[in-house]
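Here is the structure we will look at.
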Amino acid sequence: MAEPQVEPCTAAAQPGKAVSMPQKRYYRQRAHSNPMADHTFQYPVKPEVMDWSQYYPEYFKPLSLDGSHDDIKDMTEVKKQEYQVEFADIGCGYGGLLVELSPLFPNTLMLGLEIRVKVSDYVQDRIKSLRVCHPGQYQNIACIRSNAMKYLPNFFRKAQLSKMFFLFPDPHFKKTKHFTEHPLFERVSKEELADDIIIDKLGTSTEEGKKVQRNKGQNFLAVFRRVENSTLRSQDS
């Protein structure tokens, strides 16, 4: 098999220096992977012991072997928990949405979870190259190969995430997928979404979304929010 080749770009910090940008054609893999099949993944036993420093080096310092930081200052920073992953792109594909949202939310950490090996490798290489080409940027996005159906609670604490994205390459109009019937979520109206800067990116940033645009197809948008506990209590009373 041929070795993955790259396209050069010029690093802003060092003009004239070629930086490797991954080419998607060398990372192709089947569009679907069975999440119920046995795979080998690395994941933390609980969110508190997850070492995020290898994914967000500008935001986290490496943990020591006992899962703590090395000095008092670092331990204080951990207790403050100033930074944590807030956006999760489930099945992030080739990372298009992450790259689009990164400059729009420069102070928000975002994580893509992708089950396919080659595709997750591409996203990781893409982010590394973007960081070199644009110093100081794209430090807030990362990608991990994982199975979100099984290991999501291993990475995130309860109520940690403020947004989750599920972008499918085809509409799932199936009876078993009617999220509108879930009692813990309610659909957000189009009027409320009018000023949301993310909405326009959902159908245009991914590879499949761009393909739909080229074919003059249609995107189907559905945005839901978690129902507050007070609302649930009022319904029960």
- Under the side chain to side chain contact (heavy atoms under 4.5 Å, CB included) rule, what do Gln213 and Thr204 come out as? Steps first, then yes or no, please. CA-CA 7 Å; Gln213 282 188 311; Thr204 60; 3.2 Å; yes
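- For the residue pair Gln124 and Cys143, the shortest heavy atom distance occurs at NE2-O, 3.1 Å.
- Residues Leu221 and Leu193 form a side-chain contact, since some pair of their non-hydrogen atoms from C-beta on lies under 4.5 Å apart.
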- Assess whether side chain to side chain contact (heavy atoms under 4.5 Å, CB included) is satisfied between Ile127 and Tyr55, documenting all intermediate values. CA-CA 10 Å; Ile127 293 173; Tyr55 302 101; over 6 Å; no
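- Remark: Arg126 CZ to Tyr138 OH distance equals 8.5 Å, nearest 0.5 Å.
- By the 4.0 Å N-to-carboxylate-O rule, Glu114 lies close enough to Arg116 to be salt-bridged with it.
- Contact between Leu104 and Lys201 at its shortest, heavy atoms only, is CD1-CE, 3.9 Å.
- Val227 and Glu186 make their closest contact through CG2-N, 3.9 Å (heavy atoms, listed as atom of the first residue, atom of the second, distance).
- Using cut-offs of 30° and 60° on the angle between ring planes, the pair Tyr56 and Trp52 is tilted.
- No side-chain heavy atom of Thr206 sits under 4.5 Å from any side-chain heavy atom of Tyr94.
- The shortest side-chain heavy-atom distance between Val212 and Phe220 does not fall under the 4.5 Å cut-off.
- Leu98 and Asp89 get closest at one heavy-atom pair: CD2-CB, 4.3 Å.
- Leu111 has its side chain within reach of Ile144: a pair of non-hydrogen atoms, C-beta onward, lies under 4.5 Å apart.
- Contacts of Tyr151 classified as ring-ring contact (aromatic ring centres under 6.0 Å, His included), with partners at least two apart in sequence or in another chain: Phe41, Tyr43.
- Taking the side chain as every heavy atom from C-beta outward, Met164 and Leu152 approach each other to under 4.5 Å.
- Take Phe155 and apply the ring-ring contact (aromatic ring centres under 6.0 Å, His included) test, not counting sequence neighbours, and it matches no residue.
- Glu86 places no side-chain N or O within 3.5 Å of a backbone atom of Thr108 that could act as its donor or acceptor partner.
- For the pair Gln42 and Ser146, the minimum side-chain heavy-atom distance is 4.5 Å or more.
- Between the side chain of Asp51 and the backbone N or O of Ser53, at least one donor-acceptor pair lies under 3.5 Å.
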- Item | Pair Arg225-Phe185, side chain to side chain contact (heavy atoms under 4.5 Å, CB included): steps then yes or no | CA-CA 5 Å; Arg225 64 174 158 234; Phe185 293 88; 6.0 Å; no
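- Contacts of Phe166 classified as ring-ring contact (aromatic ring centres under 6.0 Å, His included), with partners at least two apart in sequence or in another chain: none.
- Counting heavy atoms of neighbouring residues, nucleotides and ligands inside a 6.0 Å radius, atom CG of Asn215 exceeds 12 of them.
- The minimum heavy-atom distance between Asn140 and Ser102, with the atom names listed, is OD1-OG, 2.6 Å.
- Between the side chain of Arg145 and the backbone N or O of Ser120 there is no donor-acceptor pair closer than 3.5 Å.
- Side chain to side chain, Gln84 and Arg157 meet the donor-acceptor criterion of an N or O pair below 3.5 Å.
- At distances below 3.5 Å, at least one donor-acceptor pair connects side-chain atoms of Gln160 with backbone N or O atoms of Val85.
- Between Glu192 and Arg187 no salt bridge is recorded (no basic side-chain N to carboxylate O distance below 4.0 Å).
- Between Phe165 and Leu97 there is a side-chain heavy-atom pair separated by less than 4.5 Å.
- Here the closest heavy-atom approach between residue Val123 and residue Gly93 is recorded as CG2-O, 3.1 Å.
- The closest side-chain heavy-atom distance from Asp196 to Val188 is not below 4.5 Å.
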